[in-house]
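Below, all heavy atoms of this structure are taken into account, side chains as well, without hydrogens, waters or symmetry copies.
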Amino acid sequence: MQIGKRLLSSIFLKGHYSLFCHPPRSLPKYELRFLQCTYCRRSRIMICGLDTLNASVSSELCQEKDKPLDLCYTAEQRAVILQRLNTATESELEQVKLLRGRKAVNIVKHRTTHGPFHSLESVMNVPLLKHKSAVIVFNSILNPADKKERKKGKVHLAKFIRPEVDRALLEDASSIVSIVCGTNKIAWTHMDRARTVLDWQQAECKSFMKGTYMASDYLEDISAVISSFPPADFFLVEKPGISPQNTSLYPVLVHLRTVEAMLFALLTPAREPGSAPKVLNMMRTAVGRHFNLIVGDCRTSGAETVKKMMTESVIKQDPRVLFPHDLVLKHRNSFQMSSRNRGEELCDALLQAIAFFELLRE
């Protein structure tokens, strides 16, 4: 550090070898020269104007909250930032650091209502965007981080959704209903693309797992549940991860496949050949890997994960999932360890909906 300070001191001294060179017998006219940092080779600082080609220095200049954001960036940088914020779609904005979820929704809503942004300072009028977070967003637009290589075992789009659907249709979905079936109940979560929980319920089905698997009894219970579903762009039905080779669980597998088939049949409307399906399967193991709930070959309970999300929805300004207050009160005791029924189906339906939207953004 001492060597670096002495080097910088010598650089700014006037003289033949200084960076501030001007012709003799004339007013000072400083030539533009670059100082190249040997530790971060990409950074080049314009010595004369103390300007920067790297947004990291802009970040340091904007640490003071009273400093106008437009003064922290050059005209070219401001143009790039405003172009992105004024033209990017909601899904494109979510690729920018800190703009996942409601911030991206709020930006699109604000520019639709009030028109395009004309200055960086005007972006501060968007809900949830403050001075510090705005600087991070702007720097992320100027210097987008390179996408890291996917880790081994990472879930790919084609592996967790069946049947295959055009990705653009999935990304344009405004809301989905996530459905999970248990041995005696069906749970569902209605969620929009901003990961706001619109509805979250479960219903008991008395005819399930009675040993006879009577189609008429199953049909009556499942039809009653479906009548409570809200309209949505897609219905996601959990694909169970039970292997047919596990003969001890064969009765459970038959039950789950029966319910799955009836859900597909009852929820699938008459559609023209070639049109996209509205009812999809989502692999249970894929959701488990997304939330790190796989231990060995088994998926563990996600109750603690859901309880943490519910708490963050109350105390955090920008939570991962937004729960309405009434749903938090309704289900706050649904996942207690001491309870005989910990609401596992409710938990799994919610996690499946979250994983759907988050995996689409990767």
Side-chain angles (χ1 to χ4, degrees), residues 19-20 29-150 167-168 171-172 193-195 317-318 320 357-362:
L19 289 174
F20 291 94
K29 273 191 176 181
Y30 298 123
E31 294 181 7
L32 183 62
R33 297 191 180 184
F34 294 103
L35 176 64
Q36 184 77 38
C37 177
T38 57
Y39 286 94
C40 48
R41 299 177 183 274
R42 293 176 298 177
S43 299
R44 297 196 303 163
I45 303 176
M46 296 185 220
I47 300 301
C48 182
L50 292 180
D51 204 347
T52 146
L53 295 181
N54 190 305
S56 61
V57 180
S58 297
S59 178
E60 295 175 3
L61 295 174
C62 290
Q63 291 303 316
E64 301 177 10
K65 291 187 177 181
D66 296 333
K67 187 176 182 65
L69 288 169
D70 292 273
L71 298 181
C72 300
Y73 301 90
T74 65
E76 292 78 9
Q77 290 173 332
R78 293 196 297 271
V80 171
I81 296 169
L82 293 174
Q83 168 75 12
R84 183 69 179 274
L85 294 177
N86 286 327
T87 61
T89 64
E90 187 177 308
S91 59
E92 290 172 341
L93 286 172
E94 289 194 345
Q95 305 301 318
V96 179
K97 189 175 182 179
L98 290 190
L99 289 190
R100 292 181 63 181
R102 300 198 64 80
K103 288 190 179 74
V105 176
N106 290 341
I107 288 175
V108 174
K109 184 177 180 180
H110 188 276
R111 77 189 188 199
T112 302
T113 305
H114 303 284
F117 301 103
H118 296 291
S119 67
L120 300 186
E121 203 65 31
S122 65
V123 181
M124 299 282 289
N125 296 323
V126 177
L128 301 180
L129 270 180
K130 303 301 180 185
H131 188 282
K132 185 176 180 180
S133 57
V135 171
I136 296 175
V137 169
F138 298 160
N139 291 343
S140 178
I141 292 174
L142 293 174
N143 296 300
D146 295 333
K147 290 186 177 181
K148 297 180 179 180
E149 295 183 2
R150 295 178 181 268
R167 186 187 183 104
E171 292 177 343
D172 289 340
R193 64 192 302 171
R195 289 183 285 282
Q317 187 178 16
D318 187 23
R320 186 174 183 179
F357 285 112
E358 291 186 346
L359 287 169
L360 282 176
R361 298 296 180 260
E362 293 185 356

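Note that OG1 of T89 is 9.0 Å distant from CD of E94, once rounded to the nearest 0.5 Å. The CZ atom of F117 sits 6.0 Å away from atom CD1 of I107, with the distance rounded to the nearest 0.5 Å. Residue K103 holds its NZ atom at 3.5 Å from CG of D318, rounded to the nearest 0.5 Å. In this structure, S122 OG and H114 NE2 are separated by 11.0 Å, a value rounded to the nearest 0.5 Å. Rounding to the nearest 0.5 angstrom, the gap separating the CD atom in E76 from the CG atom in L142 is 11.0 Å. Atom OG of S133 is separated from atom CG of L99 by 9.0 Å, given to the nearest 0.5 angstrom.
Side-chain contact between Q83 and N86 is absent, with no heavy-atom pair separated by less than 4.5 Å. Using a 4.5 Å heavy-atom cutoff, the side chains of L93 and V108 are in contact. With a 4.5 Å cut-off on side-chain heavy atoms, V96 and L85 do not count as touching.
Partners of E92 under the salt bridge (Lys or Arg N to Asp or Glu O under 4.0 Å) rule, at least two apart in sequence or in another chain, do not exist in this structure. Residues passing the salt bridge (Lys or Arg N to Asp or Glu O under 4.0 Å) test with R193, sequence neighbours excluded: E90.
Across all their heavy atoms, P127 and N106 have their closest contact at O-ND2, 3.3 Å. Across all their heavy atoms, K97 and S140 have their closest contact at N-OG, 3.2 Å. Of all non-hydrogen atoms in L120 and R78, the two that sit nearest each other are CD1-CG, 3.8 Å. Pairing each heavy atom of H110 with each of N125, the nearest pair is NE2-CB, 3.7 Å. The two atoms that bring L69 and A134 nearest to each other are CD1-CB, 4.2 Å, heavy atoms only. Residues A194 and V105 approach most closely at CB-CG2, 3.7 Å, considering heavy atoms.
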